[in-house]
Amino acid sequence: MIFGASRAKAVDQLNNFIEQNLIDYSKLRNFDFGSGNRSNVSCLSPFIAHGIINELEVIDKSLKKFSFAKNEKFIQEVLWRVYWKGWLELRPNVWSDYLMELEKIRNDFKNDQNYQDAVHGKTNVDCFNQWVFELKDKNYLHNHARMWFASIWIFTLKLPWQLGAEFFMQHLYDGDAASNTLGWRWVAGVQTQGKHYLASEWNIKKFTNDRFQNIKLNESATPIFSDKTYSISKKDFSTSEILEDKTLLIFENNMSFEFSDFKENKFKKILLVSNEINRKIKLSGKVLKFKANLLEDQKIRLEEKSINCKIINIDDLKNITEEIYALYPNVGENLGFIQNNQLKNIKFLYRKLDQFSWQYCNKGFFNFKKYIPKIIAKFN
Ligand SMILES: Cc1cc2nc3c(=O)[nH]c(=O)nc-3n(C[C@H](O)[C@H](O)[C@H](O)COP(=O)(O)OP(=O)(O)OC[C@H]3O[C@@H](n4cnc5c(N)ncnc54)[C@H](O)[C@@H]3O)c2cc1C
């Protein structure tokens, strides 16, 4: 799979997947047939993660093709992202604690041979090494491979999950603070305390069509222990009144202007905010290039609508003193920059989908799932 960094390519990919492969999604989605054969999953995450296509757009198209009952699994997966985001929004300290732990662990492990072998794909586990190369080469891994990878990293190679999550963020085109951090926490057994995900030889063999041999894993490890608990923070996700002739910021990780509920407003100009260096986790050159291309593509789309726009660096925000609006960038690197620099002149605009769905993110995903028909009814 080669990811073309434009909305036009993303929409083509979405349409093709819905027309040709959605029908078998629930039956085949758990198989990782290898990087040359990804038709059993959508590979849309690099675009959805950046707001280039929108969850509701994906769901709407899928429902035009098949009924909710036939589509339920796919829709659940699509909304899983919204759930993880909401879960983290309600507990933002999970992200800030993760970054603090990472800084310390990174230092402790910088010369660790076991860690170096892992990130260079030189371990004794062949499938793991293969996924390391695939991650760096294709910047995407199948969901099941992400689960196996994380599990092997934590329980067989005995490396800290925080470093593994960093490695994923550096190389994934869809790298996302919520889905990635919480995905790794879930595998480790600290997200649902005491419940971890243990990869096993038979499961990998079955779902990779027996592509790998010599899979010797630690299949009896116990979950990672953490006594940290996070209470739900009271945060206001309401959007304040939007005055005309103001500037709007669109951050690189949420370029969802077309679906933002605010596209009808008259903004004086739109600033597209790139962030290459002000990151706690440094991204690979390929990921930065992918993001830069997506921003450029968004700029062209805005210019086609005769909207005055420009790409700026996140550092430039420190020089803006007027009151401005921003599509909310969610808990993660960009929001962290705004908070650390106390940029109080930025007023956030929230997506209606998030405002409505995040109220159901206080508990586990099984609870959230119950509200999916309600969420869909609200927006369809
Ligand atoms: C350890 C770990 C780390 C992960 N890190 C990320 C990450 O950084 N960014 C990211 O976008 N996803 C992450 N995921 C979730 C998931 O693996 C990917 O979203 C999915 O593999 C994307 O491939 P796809 O688009 O072909 O998915 P499909 O199976 O086609 O699913 C359709 C869409 O549903 C959403 N989705 C599917 N599964 C999940 C999931 N488990 N969590 C959240 N959303 C989901 C995605 O938007 C995806 O594009 C991670 C999962 C694990 C276990």
Side-chain angles (χ1 to χ4, degrees), residues 1 3 10 13-14 16-18 20-22 24-33 35 37-59 61-62 71-88 95 98 131 134-135 138-155 161-192 196-197 199 253-254 256 281 283 287 290 330 332-333 353 357 361 365 368-369 372:
M1 167 60 66
F3 294 100
Q13 199 175 303
L14 168 62
N16 285 340
F17 175 75
I18 291 200
Q20 290 164 29
N21 306 108
L22 178 59
D24 289 325
Y25 179 79
S26 58
K27 197 170 72 195
L28 297 180
R29 71 184 189 94
N30 277 325
F31 285 90
D32 178 352
F33 296 120
S35 66
N37 182 0
R38 290 274 174 248
S39 58
N40 57 322
V41 285
S42 72
C43 293
L44 289 170
S45 53
F47 305 110
I48 307 179
H50 286 93
I52 301 298
I53 49 176
N54 170 281
E55 293 88 339
L56 291 175
E57 179 183 25
V58 176
I59 292 172
K61 284 199 171 164
S62 74
N71 257 336
E72 194 171 1
K73 194 69 215 164
F74 181 65
I75 291 173
Q76 277 173 8
E77 296 300 313
V78 171
L79 288 177
W80 201 305
R81 169 185 305 285
V82 176
Y83 167 74
W84 274 149
K85 274 216 165 101
W87 194 96
L88 193 62
W95 171 249
Y98 163 63
W131 292 321
E134 189 179 335
L135 176 64
K138 308 284 182 207
N139 307 87
Y140 171 91
L141 285 180
H142 184 280
N143 180 58
H144 222 160
R146 296 183 200 211
M147 290 159 60
W148 297 319
F149 185 113
S151 184
I152 294 169
W153 178 286
I154 300 166
F155 300 114
W161 69 265
Q162 292 89 339
L163 283 178
E166 176 183 50
F167 186 54
F168 266 23
M169 281 300 277
Q170 287 167 336
H171 295 285
L172 283 172
Y173 280 157
D174 62 29
D176 170 77
S179 291
N180 190 55
T181 315
L182 304 183
W184 276 86
R185 280 172 51 88
W186 177 80
V187 172
V190 293
Q191 180 66 13
T192 313
H196 57 338
Y197 173 77
N253 69 323
N254 182 13
S256 62
I281 296 176
L283 303 182
V287 172
F290 183 71
N330 301 298
E333 298 272 12
L353 170 65
S357 310
C361 298
F365 186 71
F368 180 86
K369 263 192 336 197
I372 288 181

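Counting starts at 1 for both ligands and their atoms, following the listed order. This is a predicted model, so every value here is computed, not measured. Along the sequence shown, the residues carry numbers beginning at 1.
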Which is it for [X] and ligand 1 at heavy atoms under 4.0 Å: side chain, backbone, both or neither?
{"X": "Leu172", "result": "side chain"}
{"X": "Ile48", "result": "side chain"}
{"X": "Trp186", "result": "neither"}
{"X": "Tyr25", "result": "side chain"}

Where ligand 1 meets [X] - atom numbers and elements under 4.0 angstrom, heavy-atom basis:
{"X": "Gly175", "answer": "8 (O)"}
{"X": "Ser42", "answer": "24 (P), 25 (O), 26 (O), 28 (P), 30 (O), 32 (C)"}
{"X": "Met147", "answer": "53 (C)"}
{"X": "Asp176", "answer": "7 (C), 8 (O), 9 (N)"}
{"X": "Cys43", "answer": "24 (P), 25 (O), 26 (O)"}
{"X": "Leu44", "answer": "25 (O), 49 (O)"}
{"X": "Val41", "answer": "26 (O), 29 (O), 30 (O)"}
{"X": "Glu77", "answer": "34 (O), 35 (C), 36 (N), 37 (C), 38 (N), 39 (C), 44 (N), 45 (C)"}

Does any N or O of ligand 1 fall below 3.5 Å from an N or O anywhere on [X], backbone included?
{"X": "His142", "result": "no"}
{"X": "Trp80", "result": "no"}
{"X": "Phe74", "result": "no"}
{"X": "Tyr140", "result": "yes"}
{"X": "Ala49", "result": "no"}

If you take all heavy atoms of [X] and [Y], which pair is closest and at what distance?
{"X": "Ala165", "Y": "Tyr98", "value": "CB-OH, 3.5 Å"}
{"X": "Ser45", "Y": "Arg146", "value": "OG-NH2, 4.2 Å"}
{"X": "Leu56", "Y": "Asn54", "value": "N-OD1, 2.6 Å"}
{"X": "Ala199", "Y": "Trp148", "value": "CB-CD1, 3.8 Å"}

Seminar exercise, completed: Candidates Ile53, Ile75, Asn180; heavy atom nearest atom 5 (N) of ligand 1 found on Asn180
Exercise. For atom 13 (C) of ligand 1, which of His144, Gln13, Arg146, His50 has the closest heavy atom?
Worked result: Arg146
In the protein, what heavy atom is nearest to [atom], and what distance, to one decimal place, separates them?
{"atom": "atom 7 (C) of ligand 1", "result": "Asp174 OD1, 3.4 Å"}
{"atom": "atom 33 (C) of ligand 1", "result": "Val78 CG2, 4.0 Å"}
{"atom": "atom 49 (O) of ligand 1", "result": "Ser45 N, 3.1 Å"}
{"atom": "atom 17 (O) of ligand 1", "result": "Asn143 OD1, 2.7 Å"}
{"atom": "atom 46 (C) of ligand 1", "result": "Arg81 NH2, 3.4 Å"}

For this session: Hey, can you tell me if Phe155 and His196 have their rings parallel, tilted or perpendicular (30° and 60° cut-offs)?
Result: perpendicular
Exercise. Is the Tyr197 ring parallel, tilted or perpendicular to the His144 ring (thresholds 30°, 60°)?
Worked result: tilted
Taking C-beta and beyond as the side chain, do [X] and [Y] meet within less than 4.5 Å on heavy atoms?
{"X": "Gln13", "Y": "Cys43", "value": "yes"}
{"X": "Phe365", "Y": "Trp84", "value": "no"}
{"X": "Leu28", "Y": "Val41", "value": "no"}
{"X": "Leu14", "Y": "Leu44", "value": "yes"}

Seminar exercise, completed: ring pair (Phe, Tyr, Trp, His ring centres under 6.0 Å) test vs Phe168 passes for just one of Trp161, Phe149, Tyr140, namely Phe149
Exercise. Could you go step by step and tell me if Lys369 and Glu77 meet the salt bridge (Lys or Arg N to Asp or Glu O under 4.0 Å) rule?
Worked result: CA-CA 10 Å; Lys369 263 192 336 197; Glu77 296 300 313; over 6 Å; no
For this session: Report yes or no: does Arg29 have a heavy atom closer than 4.0 Å to ligand 1?
Result: no
For this session: Give a yes or no answer on whether the side chain of Arg185 reaches the backbone of Val190 with a donor-acceptor pair at less than 3.5 Å.
Result: yes
Exercise. Do the side chain of Glu333 and the main chain of Ile281 share a donor and acceptor less than 3.5 angstrom apart?
Worked result: yes
Exercise. Checking salt bridge (Lys or Arg N to Asp or Glu O under 4.0 Å) for the pair Asp24/Arg29: CA distance, chi angles, key distance, verdict?
Worked result: CA-CA 8 Å; Asp24 289 325; Arg29 71 184 189 94; over 6 Å; no
